[in-house]
Amino acid sequence: MIAFIIRRLLQSLLVMGTVAFIAFSLFNFVGDPVNNMVGQEATEAEREYIRQLLGLDQPFYIQFMRFVGNVLQGDFGQSYRLGQPVLNVLGDRVPATLELVFVAAVMALVIGVPMGVYTGLKRYAISSKLMLTISLIGVSLPTFVIGIMLILVFSVWLNWLPSFGRGQTVNVGWDSNLFSLEGWKSMIMPAITLCLFQLTLVMRLVRAEMLEVLRTDYVKFARARGLSNRAVHFGHALKNTLMPVITITGLQVGGLIAFAIITETVFQWPGMGLLFLQAIQFVDIPVMATYLLLVALVFVIINLIVDMTYYFVDPRLRTEGKGGGH
Amino acid sequence: MGANCFGAAFIAAVLAVGTGVADAKTFRYSTTGDILGLDPYTNNEGPTNTMKSNIYEGLIHRSYDLSLSPGLATEWTQVDPLTWEFTLRQGVKFHNGNDFTADDVLVSYERIKQPASNMTFVVASIDKVEKVDDYKVRIVTKYPDPTLLLNMPNFWIMDKEWLEANNAMDIAEGASVSTYANLNTNGTGPFKVVEWQPDTQVVLEPNADWWGEPQHNLTQAIFKPIGNDATRVAALLSGEIDLMYPVPLQDIPRVNDDPTSTVMEGPELRTIFLGFDQHRDELMDMPGSGKNPFKDVRVRKAFYQAIDINLIQKRVMRGASRPAGLMIAPGINGYPKDLDVRFPYDPEASKQLLAEAGYPDGFPVTLDCPNDRYVNDEEICKAVVPMLKRVGIDIKLNAQTKSLHFQKIGRSGTPWETSFFMLGWTPGSYDAHNPLMQLMTVDGEGQGTWNSGRFSHPRVEELTDMIAGETDVDKRNAMIAEAMEIHRDQVGHITLHQQALAWGVRSDTVADVKQRPQNDVDLRYVTMK
């Protein structure tokens, strides 16, 4: 197990190195940050001076080597746009995104799994069909349309919820939205917007798996044993549907972080996604590079956790492991 | 009786709290992007400069109507053609309590002219700054500079002791450097920074010790950038912010229909224009031909007359623009009103001119255009394309994000890699010499940085050099007019329009705000109900 984790972590270094290299080779095509930094009145000599100062006159592989060299010393550089160390800028944003993704993922599971079970069990009920139809909207409407619609209804018309930003946060070691009513008011619309796609996915996945599992012999056998419906549905059937749900949800957390770019832009949610989008517009190379590294790291870790969860959920993997020892 | 007393006391308490809240005047405003930092000598960018001008002050103040008035200097006189003497205001304190004296001006000059500074253009003509006594400085210029005073409002004064104590004398730029002055402020201005949370908010409060008589009635101001247009409009309509700009053109009627919001429109100083490559011997789109049609003024004029600016004004800009005949807008120092006349839209004359020039069937060319810089920039270009196709030009559109667009048409890398391009310009000094130098001439130190088509006319070059040093206002204005007229008649660029400002304002909270033509909010002039 430990060897497995170490091997995976070493692989992740390779992945991150590759991501950084590809990223740097692409930065040549996003434009010139100097114009954005100095303003229109700067003379060519001044532009050239800044360019040299930032090392932008060098070919990309040298810029890449310098970046890697600095990163190995723990220096991720300075944001061109905000003039602050990238680690500080990004560090301020990580909690905002992680909280949003966490709430969205929990909502997707807490609402999605029961809905999936329900629609799986009561296949022909009108309520099931209604849920399935509505869930189609969740998959087919683009995120920004949902976000704007929510803002229109709950902010402009009803005036219940703030249309943008994190509002009042509480410091609990980090700035958090989870510990105050004001925080939740700001959080709820972005979280719904972000989770809708995942919620639909989880619900449809659980439903399909339930239908599958309910036909299997051991469920019939369980019924024959006279177990209660509840024991059959949740004890036997649902448990066996969870493997793919865990995989998908795990992988989708990465997706949620990526999708957060759009949600964060619509709601001016000061997270990593918004930071990254603005970094692209400004050609803020240090921020883009660090963000991409971080996202690569997140994906690697999530995959690792998913693999390890299998190990605990599926007893077969454990016995095979022991069997190998004999 | 006792109950009544209690009731009365309760009501009184409520009233007290009520008036307490009413007295708190918080002004919340928003635009598309956050400020780029707080160091007064880096990032010469509109909204960033405006924020800094609330915090820092120059020797001279530029009012909302562009007029100049005393700032940190109470008066100034010209001793000889090269020397100006400024008398400094006494009793002014920086936000940290330090006294403002001549030493602060001297140290600010040393700092602003460092190579990493982005504001060197405001002191470009200054040779040296001398201290006469604690409250008098002498500025000596390298040559007689008629625009010296115009540049002074952007020469923000910093505190010597504060810079030294925090080791912030060097302007920080690039990786792994300390940026104290970029994150902290200490000006003399009417507002102090309480907090800057990047991409979330800048919180300001009035400087109680400010030397002037405040015109605003604010107790707090919060700047909250919102990047998404629709969200920004929603935030205004839901009352979460009191003012925002720009209002997207298609949303102007909607904001006006709202009973508690209204759109303030007004002219902006930026002129939008198209330029041609008049330098290369062979047009980039015509390899092997050995020809550059844009060297012929008839071709340039044909392009000009093929574009129906009134249609663009009506349809693309929805009325929110002012068609322009000159490279400078009304309000810019030296603007010659009589010359601001466009050539008429006339596709027949255009075809005729192309035929005379030897291109009856047109020629291929690519129009480079930004898609996220100016109001409806890409849409304007999309409208221009069919208009030019109609007179036979085989035109392609290359619209891209501003970082790529300005890299392509700019001087770095492959210089001016464009044949036909869109650009917009607000003169940084509010003076006509600035566009003449940056856009309409090529020869001379630091000249023609954004003259991407390399337009050059011997008389305009000569006039521009003379205008730089001419201190007689009438003579100077006559020279500006002559240069502008030559440029117009030679069709150095196709001037399109000045876009209109559109600010969304809550009419239930904002009593008055001055709309400055450089499209920014000066908190000095905001009053709340």
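It should be emphasised that the depicted structure is a prediction, and the values quoted were computed from it without experimental measurement. Computation of the quantities below employed the complete heavy-atom set of this structure, encompassing side-chain atoms and omitting hydrogens, waters and symmetry-equivalent molecules. The chains referred to below are lettered A, B, ... by the order of the sequence lines, with proteins before strands, and numbering in each begins at 1.
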Inset, instruction - Taking heavy atoms only and a threshold strictly under 4.5 Å, list by residue number the residues of residues 271-298 of chain A that touch chain B; give 'none' if the list is empty. - result: L274(A), L275(A), Q278(A), Q281(A), F282(A), V283(A)
Legend entry - Region of D258(B) in contact with chain A, defined by heavy-atom distances below 4.5 Å: neither
Legend entry - Heavy-atom side-chain contact between Q197(B) and P270(A) under 4.5 Å: no
Legend entry - Donor-acceptor contact below 3.5 Å, side chain E41(A) vs main chain P427(B): no
Inset, instruction - Please identify each residue that fulfils salt bridge (charged side-chain N to carboxylate O under 4.0 Å, His left out) with E378(B), with sequence neighbours left out. - result: K382(B)
Inset, instruction - Drop me the distance from N228(B)'s CG to F267(A)'s CZ, to the nearest 0.5 angstrom. - result: 9.5 Å
Legend entry - Non-hydrogen side-chain atoms of T42(B) and V38(A) separated by less than 4.5 Å: no
Inset, instruction - Verify, without hydrogens or angle tests, whether N182(B) (side chain) and L82(A) (backbone) share a donor-acceptor contact under 3.5 angstrom. - result: yes
Legend entry - Residue Q438(B) versus chain A: region with a heavy atom under 4.5 Å: side chain
Legend entry - Enclosure of R51(A) CZ (heavy-atom neighbours >12, cutoff 6.0 Å): yes
Legend entry - Within 6.0 angstrom of F60(A) CZ, more than 12 heavy atoms from elsewhere: yes
Legend entry - Most chain A-contacting option - heavy-atom pairs closer than 4.5 Å, from G37(B), P198(B), A234(B): P198(B)
Inset, instruction - Check whether any side-chain heavy atom of K224(B) sits under 4.5 Å from a side-chain heavy atom of F164(A), and report yes or no. - result: yes
Inset, instruction - Return yes if a side-chain donor-acceptor contact under 3.5 Å exists between Q268(A) and T231(B), otherwise no. - result: no
Inset, instruction - Heavy-atom distances under 4.5 Å only: say whether R47(A) touches chain B with side chain, backbone, both or neither. - result: side chain
Legend entry - Interface residues of residues 170-184 of chain A facing chain B - non-hydrogen atoms under 4.5 Å apart: none
Legend entry - Close side-chain approach of S117(B) and E46(A), heavy atoms under 4.5 Å: no
Legend entry - Side chain, backbone, both or neither of I35(B) within contact of chain A (heavy atoms, under 4.5 Å): backbone
Inset, instruction - For each of N159(A), T43(A), D92(A), tally heavy-atom pairs with chain B at distances under 4.5 Å, and name the one with the top tally. - result: N159(A)
Legend entry - Leading residue by heavy atom contact count with chain B [cutoff under 4.5 Å; candidates G147(A), P162(A), A42(A), A45(A)]: P162(A)
Inset, instruction - With a 4.5 angstrom heavy-atom cut-off, could you sort out which part of I226(B) is near chain A: side chain, backbone, both or neither? - result: both
Legend entry - CG-CH2 distance between L237(B) and W157(A), expressed to the nearest 0.5 angstrom: 12.0 Å
Legend entry - Between S403(B) and N36(A), a side-chain donor and acceptor under 3.5 Å: yes
Legend entry - chain B contact via V30(A) - side chain, backbone, both or neither, heavy atoms under 4.5 Å: backbone
Inset, instruction - Could you tell me whether Q168(A) atom CD has more than 12 heavy atoms of other residues or ligands within 6.0 Å of it? - result: no
Legend entry - Contact class of D199(B) relative to chain A, heavy atoms under 4.5 angstrom: both
Legend entry - Exam field: side chain Q40(A) to backbone T426(B), donor-acceptor pair closer than 3.5 Å: yes
Legend entry - side-chain hydrogen bond (donor to acceptor under 3.5 Å, both in side chains) assessment of E240(B) paired with S163(A): CA-CA 8 Å; E240(B) 289 164 79; S163(A) 59; 2.8 Å; yes
Inset, instruction - Please indicate whether F27(A) has more than 12 foreign heavy atoms, meaning atoms of other residues, nucleotides or ligands, lying under 6.0 Å from its CZ. - result: yes
Legend entry - Atom pair NZ (K402(B)) and CG (D32(A)), whose distance is rounded to the nearest 0.5 Å: 13.5 Å
Legend entry - Atom pair CZ (R81(A)) and CD (E45(B)), whose distance is rounded to the nearest 0.5 Å: 10.5 Å
Legend entry - Partners passing salt bridge (charged side-chain N to carboxylate O under 4.0 Å, His left out) against E99(A) (at least two apart in sequence or in another chain): R166(A)
Legend entry - Toward chain B, the part of F29(A) with a non-hydrogen atom under 4.5 Å: backbone
